[in-house]
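These notes are about the structure you will find just below.
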Amino acid sequence: MAACRPTPIVLACTAMNFDLFQAEQAQAETDRLTAGLNTEQARAVTTTEGPLLVLAGAGSGKTRVITHRIAYLVERCGVPPWQILAVTFSNKAAGEMRERIELLLGEASADLWLGTFHRIGVRLLRSFGKHAGLASSFGIYDRDDSQRMIKRSMAALNIDDKQLRPRTVASYMDRAKNRLQLPDDPDLPRSDRTELKCAEIYARYEAEMRRADAVDFGDLLMRPVQVLNDEPTLREHWGRRFRYVLVDEFQDTNHAQYELLRLLTAGSGNLCVVGDDDQSIYSWRGAEVQNILSFPDRFAGATVVKLEQNYRSTDVILAASGALVRQNRTRHDKTLWTDQKGGDLIAIHEANSDSDEADWIAQRIEALRGEYSLSEVAIFYRTNAQSRSLEEAMGRYRLPYVLIGGLRFYDRAEVKDLLAYCRLALNRDDTASWLRAVNTPKRGIGKTTVGRVEAIASAQSISVPEAARRMVSSHERFRGKDKLSVFVELMARIRRLIDNMSADDAGGRILEMSGLRRALQQEQSLENESRLENLAQLVTAMGEYAQSAPDPTLGGYLEQVALVTAVDRLDGEREVLSMMTMHAAKGLEYDVTFVCGLEDGLMPHGRPGTELRDTEEERRLLYVAMTRARKKMHLSYARLRWRFGEQQLQTPSPFLTAIPRDLLDRQGGRRGGFGRVARVGGSWQAQTTRPSRSWPKRATRSIQRDDGTVVEQIAERTETEEVVVQRQGTMAAGSQVKHKTFGAGQVIDVAGYGKLARVTVRFRTVGVKKVLARFLQTT
DNA sequence: GTGTCCCAATTTTTT
DNA sequence: ATTGGGACAC
């Protein structure tokens with residue numbers, strides 16, 4: 001098949017000898033598909049052959065480019081949709097993209113492969129997972145399930161989960177998988193005791209996962225790559241399967257994703273990636289900006305298109321965010337521009353406390369309500385914990401909101417319980433689900449019995465559910481056998497019954513048979529009522545799924561659920577405002593935005609000693625947040641913030657100094673900009689780019705109490721309201737401290753501040769340990 | 001085997 | 001402030 005060439009038109013797609021009429025038609029078609037695009041966008045759409053890098057600044061219309069490019073490939077070049085793969089960052093983005101493509105293409109769009117990397121990974125593994133030792137019914141483990149497996153693995157290896165936190169192990173394995181390193185990889189980090197232990201646990205964990213026929217998020221990327229590398233026939237097939245591959249948000253891809261793309265485009269070489277190095281905010285998750293920065297080097301002959309015209313924001317918003325991100329050293333130089341000259345100034349507000357800040361935001365929203373729909377308003381913050389005071393304020397002002405992130409619906413205990421039964425029904429070796437379901441609701445199978453089953457599973461190298469089945473059918477007698485039998489038989493019955501049922505029918509039956517509903521109904525309480533409601537809602541969701549999905553089975557539903565993200569639930573239609581972390585804000589846009597909590601240590605988030613690279617990523621994160629606004633942006637920070645269960649004094653974010661003063665409209669609070677000038681003896685120290693290690697010096701009165709803690713009173717506030725801030729006595733290297741259990745010792749190093757500081761102490765009796773400052777007392 | 005109480009740790013961001 | 005886990009009592 002001939003390649004589709006953009007220009008000149010006479011050389012286009014299908015046949016050699018086509019007449020002028022066809023040429024005109026083709027031109028007309030091209031015009032239709034590039035209508036309303038600027039020159040560069042049109043070039044990105046029509047440059048179909050070979051590697052293509054689209055450097056797309058914030059709001060430069062990259063989604064348009066991708067959708068039009070797909071339409072162009074199908075309509076103008078006659079590429080069958082099933083030969084096109086488009087990868088997006090979130091399921092929501094995928095959904096929106098599918099909608100837009102449907103408008104352009106109609107029915108034909110159904111065959112298109114479109115989804116997140118993880119979803120593509122699932123699809124590939126369902127197709128060839130057996131080459132990775134997976135049955136087709138394999139389950140997908142979320143963080144919770146996978147943590148459970150880590151704990152099991154640690155227990156089996158006799159490693160104390162207090163000495164080595166499962167979280168540490170999880171992130172070690174995550175990193176390994178993002179780098180495509182299997183447990184036997186000689187390059188796995190093994191430089192210290194922790195890493196050695198992690199590597200050991202990793203191997204064990206993989207074995208446990210295999211027995212449970214389960215994969216985690218990392219596997220969804222690593223396994224497909226591994227299989228394609230190992231199996232020449234499959235590699236050959238899949239390398240040719242897609243003639244055109246498009247990737248959105250390329251700056252946030254990790255090594256595994258990059259390799260997957262390389263394998264899937266080996267045949268055609270038609271890889272189009274779209275991204276913006278200034279918006280790379282997931283390096284902590286293994287994303288490598290290098291993937292986008294060195295794309296032209298790695299893919300010889302790549303075309304590079306730069307989109308620098310912004311269609312989203314006012315000039316003011318662009319200027320402010322541009323001034324901020326320009327401070328980063330490691331970036332491609334580029335400047336966004338817009339036709340929308342001028343615009344409202346950026347409102348900036350200094351609040352006394354986090355709740356005052358939230359109140360101010362609520363008031364502003366209330367005032368803007370006539371002018372803007374609530375669905376066009378969003379609040380962004382750095383950490384999920386900040387949502388609390390905001391939620392309270394929105395409640396006080398009766399402003400309806402949706403909270404994106406935080407506790408997901410699918411994270412609720414009762415929902416996970418029912419889902420565990422469902423998963424176990426489909427995958428009889430699903431260990432994590434078995435452990436969850438076995439005694440929920442209570443059926444008298446406790447630690448002892450479960451421990452016995454786990455021991456047998458380990459001894460015989462089989463899954464935990466399989467061990468239970470064998471124990472039940474063997475002649476051996478033991479206490480608790482009857483109860484275990486009841487559960488094993490229950491699962492067998494469920495399994496038989498739901499075969500061939502639709503997702504909601506199956507879900508409903510399982511809700512009954514498992515006894516979950518009865519247990520919740522038996523004990524009447526408000527909580528249980530809401531739990532029952534949630535479960536009913538879950539079954540309803542299954543029904544909605546079964547109605548519309550091509551695969552209406554329970555299995556199909558579970559697969560979808562496993563990969564649902566917080567943002568996916570966002571619904572632009574409802575007349576409510578949105579609140580989310582800055583990370584979740586990526587790819588979204590609103591008329592009116594509030595970026596709050598702009599304080600040192602919170603934004604940029606970090607501890608002292610934070611590296612430049614991290615600071616730059618924080619700056620990019622704020623840049624992403626700021627570029628979400630179309631018309632009106634608000635920035636705010638509080639002087640006093642409730643953090644870690646105590647009030648903490650905050651200083652404004654050093655990032656604020658980057659924003660030109662004449663773009664700001666200061667609302668209340670102190671006057672002037674943020675400059676680097678210290679107010680000697682006053683409230684604010686000179687702003688540094690690094691979070692300060694000590695508390696800001698203020699006009700304070702300190703009182704030493706009997707127990708050694710220092711109570712500070714902030715003089716300038718005592719007239720109206722007394723604010724008491726507690727802190728531990730100064731803990732610097734060398735000072736003598738005392739710990740409840742470890743006894744006396746000497747401080748070697750301090751990292752972090754306040755009560756959450758991590759202090760390294762050499763204790764007289766137990767040696768060197770890291771402890772939290774709040775568990776120490778100065779002596 | 002279950003329930004309760006108390007202590008320790010928690011807060012980056014997430015597919 | 002909230003949560004999870006372990007120790008202990010029943």
Side-chain angles (χ1 to χ4, degrees), chain A residues 87-94 115-122 140-144 146-147 151 161-162 165-167 170-171 174 177-178 215-221 249 252-254 256-257 280-287 380-389 404-408 411 413 439 441-451 479-480 483 562-568 580-586 597 601-607 610 614 617-618 620-622 624-625 641-648 739-741 752 754-756 758 770-775:
Chain A
V87 189
T88 59
F89 192 73
S90 67
N91 293 303
K92 176 165 183 285
T116 62
F117 271 106
H118 289 83
R119 174 118 19 224
I120 305 288
V122 174
I140 302 164
Y141 279 10
D142 64 10
R143 203 160 93 262
D144 243 45
S146 133
Q147 172 141 322
K151 282 186 177 168
D161 66 0
K162 263 172 291 181
R165 294 188 0 238
R167 285 181 49 175
S171 82
D174 213 39
K177 291 186 178 191
N178 286 338
V215 295
D216 59 25
F217 288 137
D219 288 328
L220 293 179
L221 305 173
E249 307 281 10
D252 280 322
T253 50
N254 61 35
Q257 293 166 329
S280 158
I281 54 174
Y282 281 102
S283 73
W284 50 272
R285 201 167 82 186
F380 306 131
Y381 38 81
R382 179 64 179 83
T383 66
N384 280 309
Q386 288 169 256
S387 68
R388 198 203 184 91
S389 50
I404 312 300
L407 188 66
R408 300 182 317 160
D411 286 335
N439 201 29
K442 306 252 172 296
R443 45 174 76 89
I445 305 174
K447 277 197 282 251
T448 319
T449 308
V450 172
R479 252 178 83 177
K483 286 168 176 166
L563 300 176
V564 158
T565 65
V567 187
D568 297 336
M580 69 194 80
T581 64
M582 299 185 189
H583 280 90
K586 182 163 97 158
L602 191 58
M603 182 74 244
H605 194 280
R607 304 174 283 277
T610 305
D614 301 333
E617 179 148 313
E618 292 290 305
R620 288 194 293 270
L621 183 56
L622 181 53
V624 166
R641 181 170 296 275
W642 205 260
R643 277 184 95 187
F644 318 122
E646 65 175 2
Q647 293 252 3
Q648 286 205 349
H739 186 274
K740 249 190 203 163
T741 37
K755 286 190 172 179
L756 257 254
R758 271 162 285 278
K770 281 191 179 180
V771 281
L772 288 178
R774 61 177 305 192
F775 300 114

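Order of the sequence lines sets the chain letters (A, B, ...), proteins ahead of strands, with each chain counted from 1.
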(Q) Working note: A:Asn254 + A:Arg285, criterion side-chain contact (heavy atoms from CB on, under 4.5 Å); need CA distance, chi angles, decisive distance, verdict. (A) CA-CA 8 Å; A:Asn254 61 35; A:Arg285 201 167 82 186; over 6 Å; no
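- Whole-Å rounding puts the A:Arg641 CZ to C:dA1 P distance at 17 Å.
- Between A:Tyr381 atom OH and B:dT14 atom C1' the separation is 14 Å, expressed in whole Å.
- Look at the P atom in both B:dT13 and C:dG4: the space between them is 16 Å, to the nearest Å.
- Closest to the A:Thr449 side chain, of the nucleotides B:dG1, C:dG6, B:dT11, is B:dG1.
- The shortest distance between the side-chain N/O atoms of A:Thr448 and the OP1/OP2 oxygens of B:dG1 is below 4.0 Å.
- Toward the 5′ end of DNA chain C lies the nearest nucleotide of A:Trp642, the other residue of the pair A:Trp642 and A:Asp161 mapping further downstream.
- Side-chain atoms of A:Asn91 and A:Arg119 include a donor-acceptor pair closer than 3.5 Å.
- A:Arg143 and A:Asp216 are not joined by a salt bridge, as no carboxylate oxygen comes within less than 4.0 angstrom of a charged side-chain nitrogen.
- Of all nucleotides listed (C:dG6, B:dT11, B:dT14), C:dG6 comes nearest to the side chain of A:Lys162.
- Dashed line: the shortest gap from a side-chain N or O of A:Asn384 to OP1 or OP2 of B:dT14 is under 4.0 Å.
- The nearest whole Å value for the distance from the NZ atom in A:Lys177 to the P atom in B:dT15 is 17 Å.
- Each of A:Arg388 and A:Lys151 was assigned the nucleotide of DNA chain C with the nearest heavy atom; the assignment lying further toward the 5' end belongs to A:Arg388.
- Across all strands shown, A:Arg167 has heavy atoms under 4.0 Å from sugar-phosphate atoms exclusively, and none from any base.
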Mind listing the N/O atom pairs, protein and nucleotides 2-4 of chain B, below 3.5 Å?
unit_1 : atom_1 : unit_2   : atom_2 : d
B:dT2  : OP1    : A:Gly444 : N      : 3.0
B:dT2  : OP2    : A:Asn439 : ND2    : 3.3

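- For the pair A:Glu617 CD and B:dT13 C1', the interatomic distance rounds to 9 Å; values are reported in whole Å.
- In this structure, the CZ atom of A:Arg143 is 11 Å from the C1' atom of B:dT13, given to the nearest Å.
- Annotation: salt bridge (charged side-chain N to carboxylate O under 4.0 Å, His left out) contacts of A:Arg388 (sequence neighbours excluded): A:Glu392.
- Looking at which nucleotide of DNA chain B each of A:Gly480 and A:Tyr282 is closest to, the 5′-most match is held by A:Gly480.
- In this structure, A:Gln648 atom CD and B:dT11 atom C1' are separated by 11 Å, rounded to whole Å.
- The CG-C1' distance, from A:Asp174 to B:dT13, rounds to 13 Å in whole Å.
- In the set C:dG6, B:dT10, B:dT15, B:dT10 carries the atom at the smallest distance from any side-chain atom of A:Arg165.
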Q.
Apply side-chain contact (heavy atoms from CB on, under 4.5 Å) to residues A:Thr88 and A:Glu249 and explain how you reach the verdict.
A. CA-CA 7 Å; A:Thr88 59; A:Glu249 307 281 10; over 6 Å; no
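- Judged purely by atom type and a 3.5 angstrom limit, A:His118 has no side-chain atom pairing as donor or acceptor with the backbone of A:Leu220.
- A straight line from CE of A:Met582 to P of B:dT13 spans 12 Å, rounded to a whole angstrom.
- With sequence neighbours excluded, the residues forming a salt bridge (charged side-chain N to carboxylate O under 4.0 Å, His left out) with A:Asp144 are A:Lys416, listed by chain and number.
- The heavy-atom pair separating A:Met603 from A:Glu618 by the smallest distance is CE-O, 2.9 Å.
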